[in-house]
2 protein chains.
Amino acid sequence: MMYYSFMIIEQRNEDQIKVQIFKALADESRLEIIRILRDQKGELSCGEVGERINISKSTASYHFKTLREAGLTSTRKETRNKYVKLRLDTFEKYLPGFLDSL
Amino acid sequence: MMYYSFMIIEQRNEDQIKVQIFKALADESRLEIIRILRDQKGELSCGEVGERINISKSTASYHFKTLREAGLTSTRKETRNKYVKLRLDTFEKYLPGFLDSL
DNA sequence: TTCATAGTTTAAAAACTATCGAACTAAAAA
DNA sequence: TTTTTAGTTCGATAGTTTTTAAACTATGAA
């Protein structure tokens, strides 16, 4: 029997993924961001979203990172802007029906 | 126009309720507790649940309080024990489909 | 009454989270 | 080339969360 180092690199398990998602959702500013993105039915730049909820740009950036790392949003960079949208696949998989009730 | 003091007691709004629920769900021990209670399809005492996931009784008590205050569980005291069960109404209202996928 | 059991509360430490301004980076506009 | 714009990163700070041991409460058993 051979042991490979990659064997002990424990894969992030499903509960840890869920915990990360719930942490990302457990903040009023981020719920607002999600609601804005849902209603927009498309992409918005980080700046446009940040403006609407009145937080500093560094705080906004922090929230976008939190959402992105939880797999709840994806971003696309175009010229100077960064466009954010919801990852509907993640919402569907882990929180079916949630977006409609938000 | 008359003003009543209760008018300015701002009602805990829906987002705050959701944030509290997501905070309660954002912990591996509590996800385990919820899974145990779901599979039990009935009540268990706090002690019985705590034993199954190997945490100290004060930590267990803290987690039960967190879940209860988020409206995710209810408890009934009988003799020396306190029996916990899920509040399916809350799960249905805020997280339809979640329990099945947990 | 005394002892044991089940659970809560408290206090404190350690880890984590949210926020902001300032400095920074990269790309577009002048 | 220089300046402006959009966003990220850093450092500091204030507040929150998780955990444990110890003290406490309430109930049932001996």
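So that the names make sense, note that chain A is the first sequence line, chain B the second, and so on, each numbered from 1.
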Q. For A/Lys77 and D/dA6, what is the distance between atoms NZ and P respectively, to the nearest whole Å?
A. 12 Å
Q) Are the charged groups of B/Glu78 and B/Arg76 less than 4.0 angstrom apart, N to O? A)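 Salt bridge present between B/Glu78 and B/Arg76.
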Q: Could you tell me whether B/Arg35 and A/Asp15 have a side-chain N and a carboxylate O separated by less than 4.0 Å?
A: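 Salt bridge present between B/Arg35 and A/Asp15.
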Q) Do A/Tyr62 and A/Leu25 share a hydrophobic cluster, counting only Ile, Leu, Val, Met, Phe, Trp and Tyr and linking them when any side-chain heavy atoms are less than 4.5 Å apart? A)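 No: no chain of side-chain contacts under 4.5 Å links A/Tyr62 to A/Leu25.
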Look at [X] and [N] and indicate whether a side-chain polar atom (N or O) is within less than 4.0 Å of OP1 or OP2.
X	N	result
A/Arg30	C/dA18	yes
B/His63	D/dT19	yes
B/Thr59	D/dT19	no
A/Lys82	D/dT8	yes
B/Ser56	D/dT20	yes

Q.
Can you work out whether A/Ser29 or B/Phe64 has the more 5'-proximal nearest nucleotide on DNA chain C?
A.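 Its nearest nucleotide being more 5', the pick is B/Phe64.
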**Q.** Donor-acceptor pair under 3.5 Å, B/Lys57 side chain vs C/dG7 base
**A.**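 Result: at least one qualifying N/O pair found.
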Q. How is A/Thr66 classified with respect to the nucleic acid when contacts are heavy atoms under 4.0 Å: base, sugar-phosphate, or nothing?
A.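 It contacts nothing in the nucleic acid.
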**Q.** Residue whose nearest DNA chain D nucleotide is more 5′ - B/Tyr62 or A/Ser58
**A.** A/Ser58
Q. According to the interplanar angle, ranging from 0 to 90°, do the rings of A/Phe98 and B/Phe22 count as parallel (below 30°), tilted (30 to 60°) or perpendicular (above 60°)?
A. perpendicular
